[in-house]
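Contents: one structure, followed by commentary.
Just so it is clear: chains get the letters A, B, ... in the order the sequence lines come, proteins before strands, and each one is counted from 1.
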Amino acid sequence: MSYDVQSIRQQFPILNQQIHGRPLVYLDNAATAQKPMAVIDAISDYYMNYNANVHRGVHTLSQRATDAMEAVREDVRVHINAAETAEIIFTRGITDSINTIAFGMGALVGKEQNIVITAVEHHSNIVPWQMLCQRTGAELRHLPMNQHGEVVLDGIEDIIDEHTALVAFNHISNALGTINPVEAILERAQKVGAWTLVDGAQSGPHAKVDVRAWDVDFFTLSSHKMYGPTGLGVLYGKREKLEALPPYQGGGEMIATVTLEESTYAGLPHKFEAGTPHIEGIIGFGAALKYINEIGIEAIAAHEKELLEYATQECSKIEGFRVIGDAKNKASVLSFIVDGTHPYDLGVLLDQQGVAVRTGQHCTQPIMDAFCIDGTARASFAMYNTKEEIDLFKAALEKAVTMLR
Amino acid sequence: MATIKERQDVLVEEFEFFDEWMDKYNHIIEMGKSLDALPEEKKNDDLLVQGCQSKVWLHAEKNGENVRFQADADAIIAKGIVAMLIDVFDNQPAKEVAAADLRFLEEIGLKDHLSPTRANGLMSMIKQMKFYALAFAG
């Protein structure tokens, strides 16, 4: 069956609007993706028909809400091929997922050890490890990148060594779109017995991940980047690793017994889910996963690859257009600057013409420093974008550049 | 010499020519392009206006009762906006700068048009200019 982008677009009501009198061209998908009717309907249905707090109630609505939420946990398990449902933790997002691990590992990491990240990380996969290293005295190291924005594996044996407690890196870079050599990094980490964490913030909507094929210890996903609601993330962890970690936050839902003196903790996954969960978000995310899988993540990725190649080819015709991050293996992100213009100015003038892009450092200041730039403009593509939109984007960009020079 | 009020009226009139925001932006960009650049050695971090998304350097000095402003920015729209402010405030009595009501921003529609973060940047520029003026007036 051919990829029917028009019928997909009809499922996203927000796309059908004018911005400053021009049709909206939404190319800020790496920041957050728009939501299909299936997700909006699932959230409305929850509030209209079975809103109740979960896990505690004996009444029917509570049971329905609990069943719906727990069904999504199982859907996520299937989606990433985890061994058991209890290994799927719902969090507030990737940042929360990573902080959960970083906090817990504070109890396990010694000052003779090190944590390894890469040079192409989002701040959310840098700062928690800096904080962990400050607390424990451990050393933070990174795998460097080359001028294409690719992680360099030369010297990996010296960087990831027998003192490495954890290797944490993103599958796909949000600022550059680089697809990292996950297997090669994991192989080295596993060889020295280090724990591993892969941040799937950007890969969630574009790539199928099998956590058991990777044999990765932790993996994280972000709902809102996968066409689901904001404020929800997934943390996958191998049972034995999650059990070894102390809980991050204390409160309701995460305990087995509580006296005024001490408490015992609940088993997985509840140990890491203090407080009332984001029930509506989880139910909406379930609908988003189902929607993605109906269209097929490979089909979506192929469509986006075509868009990325087309956009790169078309925009490169603009004088002074420079792609920032031209890795061989890229997904869905076109980060760029145009000589003689500032990204902020491009962003404003594109917006005036209905085109939404991200401008700035994309929460990746070290990457911008490495390229010796203050920031980029970034167009990022999703399942509903079209070649016609890229033509509009290119025309708007040309006009902006003419005005600015 | 034109007063702060008269200078604002001129700016408002200029912008009345344009119906489309793209044209208004074009005018702001042209103002940015024609503003004299600050020499590189003056672009130090002490002169950076806090709270702007792009880098905006603002230099002020006393000229008798008046205050002189020079500014630069790495993004041209920000530079155009600061150029408008300089157009209104440069070489005006410090006391009047400190007390001025900048209604031209509303009349042009710029204040409503900017995103909240950019509007904050604009407010920071004005605050910084008035801060200098107040210091010189006192």
Side-chain angles (χ1 to χ4, degrees), chain A residues 18-26 28 31-32 175 320 322 324 336-365 368-369 371-378 392-405, chain B residues 15 17-35 37-38 40 43-45 47-57 71-84 105 108-125:
Chain A
Q18 308 253 310
I19 299 289
H20 303 300
R22 311 281 188 91
L24 166 66
V25 176
Y26 185 79
D28 194 18
T32 197
R322 279 202 283 153
I324 301 299
F336 64 92
I337 56 176
V338 183
D339 292 341
T341 69
H342 192 285
Y344 284 129
D345 292 331
L346 292 176
V348 171
L349 296 179
L350 287 172
D351 174 60
Q352 287 303 310
Q353 301 175 79
V355 181
V357 298
R358 180 74 177 264
T359 59
Q361 300 179 327
H362 320 295
C363 296
T364 56
Q365 226 172 304
M368 300 299 133
D369 290 347
F371 279 102
C372 297
I373 52 178
D374 281 335
T376 72
R378 180 189 72 184
L392 291 174
F393 161 56
K394 186 215 170 194
L397 183 59
E398 268 179 324
K399 180 158 187 188
V401 170
T402 310
M403 281 170 71
L404 291 168
R405 276 196 184 138
Chain B
F15 275 86
F17 283 117
F18 310 114
D19 294 328
E20 298 278 329
W21 262 102
M22 276 302 268
D23 298 325
K24 292 185 193 182
Y25 271 113
N26 208 17
H27 193 60
I28 294 172
I29 290 165
E30 291 312 317
M31 291 189 74
K33 285 178 183 168
S34 45
L35 180 69
L38 266 184
E40 281 305 314
K43 286 190 193 173
N44 61 53
D45 288 355
L47 296 187
L48 278 177
V49 179
Q50 300 298 316
C52 293
Q53 275 189 305
S54 49
K55 285 184 179 160
V56 177
W57 295 268
D72 209 335
D74 61 351
I76 196 75
I77 293 172
K79 193 172 172 186
I81 290 172
V82 80
M84 289 163 67
L105 295 167
I108 292 172
L110 189 65
K111 222 169 170 177
D112 290 336
H113 188 77
L114 295 175
S115 67
T117 42
R118 284 168 208 276
N120 281 342
L122 170 64
M123 288 304 119
S124 304
M125 290 180 205

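- For B:E20, the CD atom sits in a loose shell: 12 or fewer heavy atoms of surrounding residues, nucleotides or ligands are nearer than 6.0 Å.
- A 6.0 Å sphere centred on NZ of A:K394 holds more than 12 heavy atoms belonging to other residues, nucleotides or ligands.
- Between A:L346 atom CG and B:I76 atom CD1 the span is 12.0 Å, to the nearest 0.5 Å.
- In this structure B:D72 satisfies the salt bridge (Lys or Arg N to Asp or Glu O under 4.0 Å) test together with B:K43, B:K79, sequence neighbours excluded.
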Under the side-chain contact (heavy atoms from CB on, under 4.5 Å) criterion, do B:M22 and A:M403 qualify, and how do the steps go?
CA-CA 9 Å; B:M22 276 302 268; A:M403 281 170 71; 3.5 Å; yes
For the pair A:Q352 and B:Y25, evaluate side-chain contact (heavy atoms from CB on, under 4.5 Å) and give the outcome as yes or no after the intermediate values.
CA-CA 9 Å; A:Q352 287 303 310; B:Y25 271 113; 3.4 Å; yes
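- Heavy-atom neighbours of A:Q18 CD from other residues, nucleotides or ligands within 6.0 Å: above the threshold of 12.
- Heavy-atom distances place no part of A:D351 under 4.5 Å from chain B, backbone and side chain included.
- Both the backbone and the side chain of B:I77 come within contact range of chain A, each with at least one heavy atom under 4.5 Å from a heavy atom of that chain.
- Put simply, the side chain of B:I29 does not reach to within 4.5 Å of the side chain of A:D345, judged on heavy atoms.
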